[in-house]
Undergrad: 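Sharing a structure with you now.
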Amino acid sequence: MKPIHLLGAIPFIGILGGIFFVNRVTPYVLGMPFNLFWLVMWVVLISATMAVIYRLDPANREEHTS
């Protein structure tokens, strides 16, 4: 398995697997219940992770022919 594929699995594990461990409301983070904050944080992290994957993927590299 390539490291890019493993990097793509991290958001899946974080948002779906982690929600069972952070299923609480009482600690508020940035005015949101912790469960909602967890989901919003992963939406942002997924975007950043996909940008990193895009940059690392050799299929997206341009060949400069001059």
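Predicted model, so just to flag it, every value in this text is computed and none were measured. Excluded from the calculations below are hydrogen atoms, water molecules and symmetry mates; all remaining heavy atoms, backbone and side chain alike, are included.
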Undergrad: Which atom pair, heavy atoms only, marks the closest approach of Ile19 to Leu16?
TA: CG2-O, 3.4 Å
Undergrad: Would you compute the distance between atom CD1 of Ile10 and atom CG of Leu6 and round it to the nearest 0.5 angstrom?
TA: 5.5 Å
Undergrad: Could you see if Leu36 belongs to whatever hydrophobic cluster contains Tyr28? Use Ile, Leu, Val, Met, Phe, Trp, Tyr and a side-chain cutoff under 4.5 Å.
TA: no
Undergrad: Ignoring hydrogens and angles, tell me if any N or O in the side chain of Trp38 forms a donor-acceptor pair with the backbone of Phe21 under 3.5 Å.
TA: no
Undergrad: Indicate the atoms forming the closest heavy-atom contact of Pro11 with Ile46, along with that distance.
TA: CB-CG1, 3.2 Å
Undergrad: Do Val22 and Leu30 belong to the same hydrophobic cluster, where Ile, Leu, Val, Met, Phe, Trp and Tyr are linked whenever their side-chain heavy atoms lie under 4.5 Å apart, directly or via other members?
TA: yes
Undergrad: Do Val44 and Trp42 belong to the same hydrophobic cluster, where Ile, Leu, Val, Met, Phe, Trp and Tyr are linked whenever their side-chain heavy atoms lie under 4.5 Å apart, directly or via other members?
TA: no
Undergrad: So, taking the atom named CE in Met32 and the one named CE in Met41, what distance separates them when rounded to the nearest 0.5 Å?
TA: 10.0 Å
Undergrad: Which heavy atom in Thr49 sits nearest to a heavy atom in Leu7, and how many Å separate them?
TA: CG2-O, 3.5 Å
Undergrad: Please say yes or no: joined through hydrophobic side-chain contacts below 4.5 Å, possibly via intermediate residues, are Ile53 and Leu45 part of one cluster?
TA: yes
